[in-house]
Visitor: 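Please see the structure below; I have some questions.
What you see below is based on every heavy atom in this structure, not just the backbone, and it leaves out hydrogens, waters and symmetry mates.
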Amino acid sequence: QVQLGESGGGLVQAGGSLRLSCAASGRTFSMYAMGWFRQAPGKEREFVAAISYNGRSTYYSDSVKGRFTISRDNAKNTGYLQMNSLKPEDTAVYYCAAHYTLRLRTPPDPYDYWGQGTQVTVSS
């Protein structure tokens with residue numbers, strides 16, 4: 001089992017950058033695939049990015065491809081989402097998720113473990 005906690009959200013102007021972190025508990029974090037999701041007010045939660053257990057494989061939604069970068073540091077039990085060229089439509093609560101698998105976890109496959117979320121607001 002793993003517990004997740006996000007940090008790094010905040011208010012930023014359009015065109016700016018933020019880096020979200022996802023701290024995980026548990027000794028076997030390196031055996032979990034990770035993902036980032038977001039949910040804007042009044043909208044369903046949507047997939048943002050995924051990374052395999054060893055960081056060698058990544059996958060992005062079309063809406064963030066080329067602007068966001070997912071990464072992880074297993075030695076620190078932490079995952080990251082670097083967000084550049086932010087747009088007002090990126091405003092949402094961002095969640096990290098984990099699933100016990102050695103494969104990349106992409107939609108529609110579900111994740112078992114979720115953080116509480118961190119708010120990202122992009123002003124125009």
Side-chain angles (χ1 to χ4, degrees):
Q1 189 171 0
V2 65
Q3 293 183 326
L4 306 172
E6 302 93 337
S7 62
L11 174 64
V12 64
Q13 289 188 332
S17 298
L18 281 175
R19 188 176 83 156
L20 305 183
S21 297
C22 176
S25 65
R27 295 177 297 173
T28 59
F29 172 70
S30 60
M31 298 181 72
Y32 286 75
M34 278 192 57
W36 286 93
F37 294 76
R38 66 187 182 186
Q39 187 166 19
K43 295 187 177 181
E44 293 186 353
R45 186 171 61 194
E46 66 170 341
F47 168 81
V48 174
I51 189 167
S52 60
Y53 75 105
N54 59 5
R56 292 178 182 174
S57 298
T58 58
Y59 181 78
Y60 298 91
S61 68
D62 288 341
S63 61
V64 307
K65 195 176 299 181
R67 299 189 298 122
F68 291 10
T69 302
I70 189 172
S71 62
R72 65 190 297 162
D73 185 340
N74 286 341
K76 295 182 178 179
N77 276 11
T78 303
Y80 303 98
L81 185 68
Q82 177 68 42
M83 306 185 295
N84 298 330
S85 302
L86 283 161
K87 305 175 181 179
E89 51 263 44
D90 293 319
T91 295
V93 177
Y94 282 71
Y95 300 90
C96 67
H99 192 88
Y100 187 74
T101 179
L102 298 183
R103 296 182 177 182
L104 188 64
R105 194 79 172 169
T106 57
D109 295 337
Y111 282 73
D112 283 341
Y113 303 101
W114 294 83
Q116 293 299 309
T118 185
Q119 176 71 46
V120 171
T121 303
V122 184
S123 63
S124 57

Visitor: Looking at every non-hydrogen atom in both residues, tell me the closest pair between Thr91 and Ala40 and how far apart they are.
Guide: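 Heavy atoms of Thr91 and Ala40 come nearest at O-CB, 3.6 Å.
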Visitor: Can you tell whether the side chains of Arg103 and Asp109 come within less than 4.0 Å, N to carboxylate O?
Guide: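 Salt bridge absent between Arg103 and Asp109.
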Visitor: Measuring from atom OG of Ser17 to atom CZ of Arg67, what distance do you get when rounded to the nearest 0.5 angstrom?
Guide: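 Output value for this atom pair is 10.5 Å.
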Visitor: So, taking the atom named CG in Asp73 and the one named OG in Ser30, what distance separates them when rounded to the nearest 0.5 Å?
Guide: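 Result: 11.5 Å between the selected atoms.
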Visitor: Hey, what do you get for CD (Glu6) to SG (Cys96), rounding to the nearest 0.5 Å?
Guide: 4.0 Å
Visitor: For the residue pair Gln119 and Leu11, establish whether any side-chain heavy-atom pair is separated by less than 4.5 Å.
Guide: no
Visitor: Please round to the nearest 0.5 Å and tell me the distance separating atom CG of Leu102 and atom CG of Asn54.
Guide: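 Reported to 0.5 Å precision, the distance equals 8.5 Å.
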Visitor: Quick one: CG on Leu104 to OH on Tyr53, what's the gap to the nearest 0.5 Å?
Guide: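 If I round to the nearest 0.5 Å, the distance is 11.5 Å.
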Visitor: Within this structure, what is the CG-CZ distance for the pair Asp112 and Arg105, rounded to the nearest 0.5 Å?
Guide: 7.0 Å
Visitor: With distance as the sole test, does Ser25 use its side chain to make a donor-acceptor pair with the main-chain N or O of Gln3 at under 3.5 Å?
Guide: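 Yes; judged by distance alone, with no hydrogens or angles, the pair exists.
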Visitor: When hydrophobic residues are tied together by side-chain contacts of less than 4.5 Å, even through go-betweens, does Ile51 share a cluster with Leu18?
Guide: yes
Visitor: Taking a hydrophobic cluster as the set of Ile, Leu, Val, Met, Phe, Trp and Tyr residues connected by side-chain heavy atoms closer than 4.5 Å, whether directly or through intermediates, do Val120 and Val64 fall within one such cluster?
Guide: yes
Visitor: Against Tyr111, only a single residue in Tyr32, Tyr100, Phe37 fulfils side chain to side chain contact (heavy atoms under 4.5 Å, CB included); can you say which?
Guide: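 Result: among Tyr32, Tyr100, Phe37, Phe37 is the only option passing the side chain to side chain contact (heavy atoms under 4.5 Å, CB included) with Tyr111.
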Visitor: Is the backbone N or O of Ser52 less than 3.5 Å from a side-chain atom of Arg72, with the two atoms forming a donor-acceptor pair by type?
Guide: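 Pair found, side chain donor or acceptor close to backbone of Ser52.
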Visitor: Considering the options Trp36, Phe68, Phe47, which one meets the ring pair (Phe, Tyr, Trp, His ring centres under 6.0 Å) requirement together with Tyr59?
Guide: Phe47
Visitor: Flag yes if Met83 and Val122 sit in one hydrophobic cluster, no otherwise; membership is Ile, Leu, Val, Met, Phe, Trp, Tyr, and two members link when side-chain heavy atoms are under 4.5 Å apart.
Guide: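 Cluster IDs for Met83 and Val122 match.
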Visitor: Could you list the residues that satisfy salt bridge (charged side-chain N to carboxylate O under 4.0 Å, His left out) with Glu46, not counting sequence neighbours?
Guide: Arg38
Visitor: Less than 4.0 Å between a side-chain N and a carboxylate O, is that true for Asp90 and Lys87?
Guide: no
Visitor: Group every Ile, Leu, Val, Met, Phe, Trp and Tyr by side-chain heavy-atom contacts under 4.5 Å, then state whether Tyr80 and Leu20 land in the same group.
Guide: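 No, Tyr80 does not connect to Leu20 through the hydrophobic network.
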